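Below is one structure, written out as structure tokens; the observations come after it.
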2 protein chains.
Amino acid sequence: MNDDARPTVQTTQTSIEILDVVRRRDSARLTEIADAVGLAKSTAYKHLVTLEQNGFLRRDGNAYRIGLGLLTYGEHVRHHWPGFEEATEAVTELTERTQEEVDFVVEDGGRVTTLVESYHPWVKYDDSVDTDSAASYRARVGDSYGMHSTAAGLAILAEYSEERVERILDRRGLPRRTEHTITDRSTLFETLERIREDGYAVNDQGYTEGMRSLGKAVCGPDGTVAGALTVAGPTYRIDGAVLEEHLPRALEETARSLEAALAERSCPPR
Amino acid sequence: MNDDARPTVQTTQTSIEILDVVRRRDSARLTEIADAVGLAKSTAYKHLVTLEQNGFLRRDGNAYRIGLGLLTYGEHVRHHWPGFEEATEAVTELTERTQEEVDFVVEDGGRVTTLVESYHPWVKYDDSVDTDSAASYRARVGDSYGMHSTAAGLAILAEYSEERVERILDRRGLPRRTEHTITDRSTLFETLERIREDGYAVNDQGYTEGMRSLGKAVCGPDGTVAGALTVAGPTYRIDGAVLEEHLPRALEETARSLEAALAERSCPPR
DNA sequence: GCTAAAGTTTCGCTAATTCGAACAACATTC
DNA sequence: GAATGTTGTTCGAATTAGCGAAACTTTAGC
């Protein structure tokens, strides 16, 4: 049936789909899972046992959750990602300077994934206004987003060739998140042009209503894009001189020093 | 061949073994992987394609590494773990107070896994002495350890029934890490008795030569063990009054306030 | 430009996954 | 407290789909 070019292993695919169901529901039981992926109970059961034995799932009574084994893999990716240490320092520095939510993201498969986030005790949202929406929409390590709906993603796209951008669009489309999300290609390419002129990207509530963010691509020692730094906050604070001068300058300077750190790491001065 | 009681899915098991190989080698190529798990190249190839398509692996040229998809799962576990927020606060508080490496760990399958670690810029090791060994042996989120070789693990074991401890020992044994590791059962049970008297566990270089740590079990609202807090540092600093008075008191107080926070979370006062 | 090694595809065989049904263990309901 | 429904677990048979060997293509080294 599946005449897709690339050879795959369906059993593994099924196991992965089960993991996906469990993650999305946070907790799921056998019958529920079997229904969701369209498998016989007995088959799903065998998958669950296998995944549990390897620590990919954790069983609590008859409910399955994601297991700690996957934590080991996740942290491995982070700590072995080229430039992780330097990016963490840059995020810390920029967080202290701006007192806003700062993240470092990387592109993967046409989407951006958060690799480093502000250590949260430092970032306090004003309790008086919409704390909930702002706080609950914080980027979390491991979260991934469509590139067109985040400042960081736009900043990265602006560095890519037109055909590379097209390929990503073909694959991922331009799904709408809010009223302000860019949803057609011509607007996107105009925005990218603007970003190249300014040197940084602005995303005005394109992902979350009431949140504005700035992003700037960071190049690695080989000249290719290593990722992007992003600063985000509520619209009432990311405004005026902060939006147009203060944050762009801070972003620019931190990005530059991060690029320097990355270059130094790859060819140490000694 | 496999006459183990529990029904499993071998294909998935194979995929997991491949992931394990890639993680341990940090980066591996097709032939290398096929050899390591004892598969034909063509078979391994299909697994690799499947895992890559799902973001479990990332391909850089012909080298495979762990993919960002697994980061999503890993962070999900952390943030959905009952009491994660409270444990993070406790770790931060205890780190500031002690200025040493602090972790919160949980038991899983007879081993302990680090769920929260000190945010590292705060903890600086004295550059004058063995920085390398101490710094490189920092606990990292997702790392797991034998319970008998860490203070946190011992503290948890001391709360378990004798038969539960026996079951864990049967499964995991008492592998030696250093000259000081507890490797026989009678010594272990004596140590556990001592821990119950003192109210906290001390691990004197049982995991890493030159590192000493203290651990204290933390109970959840239901009375069962939720995890353990641990403070670790080089032997020259974890000594004398610090070892016998200051750290035990800090650990005790933080553990108590964490238990209070966990209780409050499960039955909010409103 | 040749050789060697590595990655990719094809294809038949057989082992292993799959499903359905039967069994056991709980909860729920009357 | 018996009966009924639901959920998890085991078993067996049919067939799918995972596996390995070899052919093919591409890349790397000399």
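All figures in this text were calculated on a predicted structure; none of them were measured in a lab. Proteins come first, then strands; the chains are lettered A, B, ... in the order of their sequence lines, and each starts at number 1.
Regarding A:R6, its CZ atom lies at a distance of 18 Å from the C1' atom of D:dG18, rounded to whole Å. Rounded to an integer number of Å, the gap from CG of A:L30 to P of D:dG8 is 5 Å. Between the P atom of D:dG18 and the CG atom of B:L48 lies a distance of 15 Å, rounded to the nearest Å. For the pair B:K46 NZ and C:dT10 P, the interatomic distance rounds to 11 Å; values are reported in whole Å. Computed from coordinates, the A:Q10 CD to D:dT16 P distance equals 12 Å when rounded to whole Å. Note: CD (B:Q13) to C1' (C:dT17) measures 15 Å, nearest angstrom. In this structure, A:E32 atom CD and D:dT6 atom P are separated by 16 Å, rounded to whole Å. D:dG8 atom P lies 10 Å from atom CG of A:D35, rounded to whole Å.
Under the 4.0 Å criterion applied to side-chain N and carboxylate O atoms, A:R185 and A:D170 are assigned as salt-bridge partners. The residues B:E75 and A:R140 are annotated as not salt-bridged, no charged nitrogen and carboxylate oxygen being separated by less than 4.0 angstrom. The pair B:D20-B:R23 meets the salt-bridge criterion, since a charged nitrogen lies less than 4.0 angstrom from a carboxylate oxygen.
Nearest nucleotide to the A:H47 side chain, out of C:dT18, C:dA6, D:dT9: C:dT18. For A:V9, the side-chain atoms get nearest to D:dG18 when compared with the rest of D:dT9, D:dG18, C:dG7. Closest to the side chain of A:K41, out of C:dG7, D:dG20, D:dT9, is D:dT9. Closest contact between the side chain of A:L39 and the listed nucleotides D:dG8, C:dC19, C:dA16 involves C:dC19.
The shortest distance between the side-chain N/O atoms of B:Y45 and the OP1/OP2 oxygens of C:dG7 is not below 4.0 Å. In this structure, B:T43 reaches the D:dG20 phosphate: one of its side-chain N or O atoms is under 4.0 Å from OP1 or OP2. Here B:R59 reaches the OP1 or OP2 of C:dT8: one of its side-chain N or O atoms lies under 4.0 Å away. When the side-chain nitrogen and oxygen atoms of B:T11 are compared with OP1 and OP2 of C:dT17, one or more of them lie within a distance under 4.0 Å. Neither OP1 nor OP2 of D:dT7 sits under 4.0 Å from any side-chain N or O of A:R29.
Nearest heavy-atom pair, A:A34 versus A:A44, reported as atom, atom and distance to 0.1 Å: CB-CB, 3.9 Å. For the residue pair B:Y45 and B:L30, the shortest heavy atom distance occurs at N-CD1, 3.8 Å.
As judged by a 4.0 angstrom heavy-atom cut-off over every strand, B:S42 is placed among the base-contacting residues. Nucleic acid contact class of B:T31 (heavy atoms, under 4.0 Å, all strands): sugar-phosphate only.
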